[in-house]
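Everything on this sheet refers to the single structure shown next.
All values below come from the heavy atoms of this structure, side chains included, with hydrogens, waters and symmetry mates left out. Numbered from 1 within each chain, the chains take letters A, B, ... in sequence-line order.
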Amino acid sequence: MSMGSFRLRVTLEVIALYSTGRCQYVRVCLLVDVHEEDCASCAAVFNFQCFVFNYNTFSSRYITSTGEMPVCLLVSEDDAHKPIQLHHQQSVTLGRGPETKIKDKKCSRDQVELRADCNRGFITVKQLGVNPTIVDDVVVGKGNQVTIKPGQRLYMVNQQYPYTVKFTEDTSTPRSAADLRKPAKRAHQMSSEGNGEKIKSPANKTSTSHTDHNRMSDDSPPAKKTQPSGSEKSESAGHWSQGLKVSMQDPKMQVYKDDRVVVIKDKYPKARYHWLVLPWDSISSLKVLRSEHIELLKHMQRVGDQMVQQCPDAHKLSFRLGYHAIPSMSHVHLHVISQDFDSPCLKNKKHWNSFTTDYFVNSQDVIAMLEHDGKVTVKEGTSELLKLPLRCHLCHKEQPTIPKLKEHLKTHLPS
DNA sequence: GTTCTAGAAC
DNA sequence: GTTCTAGAAC
């Protein structure tokens, strides 16, 4: 039966998430002529998707309206710290720690999981800690979740540490399609079907790109050297331990991303190749991982394997994929690191032992633990492993000092 | 996590 | 004297 041809009107709302944390939505209307020879409308729709996501060809005449998505702020009522910005539909775990400045041991480090819906103007609050989180005199209860809107009050734990939620317009967000096309503020391209996007060649060898790497370090907000510029100043990630959350959002740092994870080069690589695979979802540490995270961790490992396969030196270097048992930096991150350990950033015993003792837990072992026990446990005394004598990871010969160890490692380098 | 530096080790 | 480490500070 002949279909003839017809005109398809497509309206699509695109949510742009900027590296600064701001959101904007753009409504796109397109008229697509579908002809019989296109075989099926899906072909036209497919082409349409390619067109939309190829941002540089995105003409302003297709944009029928733009608007500011409200920014969600969690405000400390006792003014203990600056408001914490919550990104649209991104889970954030909060509790005792530098972000909230709460030191009360009754408050878990992972007391609540928050997820803001900036369109509809509420936050979903899930209590993770044992002690009660309270919303308007009602105990949430461990494992339960409630919503909180402006006007309501959240007590982090035991009628203490009051918070309110606020949604405000961010007037600094670019308003025109021309603004949107400026590369520095361009939204991250995201596959609609979860297919990954290689941003630039992973062949950026960390040891040979130190000039570039250091330049990037100077641009981005490290612990003390530089301050974030512009709107980034208002972000809550000021403490050094929150640095990964900032770096993962920085397009200059990203080498791969898809709908679940992002890969960045380690800012201080401990080997020729050293990447970090991070989930977009805010997962503070291995401790909060449960069975429901298994698929995500398997995906992180697949992406890590992919980084290795695409590495031009993969044939002559070996790699390990794993997690630090007790990481210093918040936000779960999978290390993908070549085993040459040929890097000026590897400077001390802690660096060495964190990658060459059981302090480094293989990705497969973490996944196996989750599959078997439903959680990840770290053995007692693991932190002591960082103080062990320096021992070559290949021939196990002990070395007296870091400089001697580095000299020794050269003997194992591929020719 | 890094940087800085006092003092131990050589 | 120099080299190197470990712990405080950030």
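- For the pair M253(A) CE and dG1(B) C1', the computed distance is 12 Å after rounding to whole Å.
- Atoms CD (Q399(A)) and C1' (dC4(C)) sit 15 Å apart, rounded to a whole Å.
- Residue K350(A) is out of contact with every strand shown, counting any heavy-atom pair closer than 4.0 Å.
- Side-chain N/O atoms of H351(A) include none lying less than 4.0 angstrom from OP1 or OP2 on dG1(B).
- Using a 4.0 Å heavy-atom criterion, one finds that T401(A) contacts the sugar-phosphate atoms exclusively.
- The salt bridge (charged side-chain N to carboxylate O under 4.0 Å, His left out) test applied to R320(A) returns no partner, not counting sequence neighbours.
- In this structure, Q127(A) has no side chain to side chain donor-acceptor pair (under 3.5 Å) partners at least two apart in sequence or on a different chain.
- Following rounding to the nearest Å, I337(A) (CD1) and dG1(B) (P) show an atom-to-atom distance of 11 Å.
- Remark: K375(A) engages no residue in a salt bridge (charged side-chain N to carboxylate O under 4.0 Å, His left out) (not counting sequence neighbours).
- Using a 4.0 Å cut-off between charged nitrogen and carboxylate oxygen, E295(A) and R260(A) do not count as a salt-bridge pair.
- Following rounding to the nearest Å, L405(A) (CG) and dT3(C) (P) show an atom-to-atom distance of 19 Å.
- I402(A) comes within 4.0 angstrom of sugar-phosphate atoms only, judged by non-hydrogen atoms across all strands, and of no base.
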- [ ] For ring-ring contact (aromatic ring centres under 6.0 Å, His included), just list the numbers for F355(A) and H324(A), CA-CA rounded to whole Å, side-chain angles, deciding distance to a tenth of an Å, and then say yes or no.
- [x] CA-CA 8 Å; F355(A) 286 101; H324(A) 280 155; 4.5 Å; yes
Just the atom pairs and distances: protein N or O near nucleotides 6-10 of chain B's N or O, under 3.5 Å.
none

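- The NZ-P distance, from K406(A) to dT3(C), rounds to 16 Å in whole Å.
- No contact: K387(A) has no heavy atom under 4.0 Å from any strand.
- For the pair L244(A) CG and dG1(B) P, the computed distance is 8 Å after rounding to whole Å.
- Contacts of H331(A) with the nucleic acid, taken as non-hydrogen atoms under 4.0 Å apart, are absent.
- In this view, K410(A) and E407(A) satisfy the salt bridge (charged side-chain N to carboxylate O under 4.0 Å, His left out) rule, not counting sequence neighbours.
- Residues passing the salt bridge (charged side-chain N to carboxylate O under 4.0 Å, His left out) test with K387(A), sequence neighbours excluded: E384(A).
- Rounded to whole Å, atom C1' of dG1(B) lies 14 Å from atom NZ of K245(A).
- Between the CG atom of N348(A) and the P atom of dG1(B) there is a distance of 11 Å, given to the nearest Å.
- For K347(A), the listed nucleotide lying nearest its side chain is dT3(B); candidates were dT3(B), dC4(C), dG1(B).
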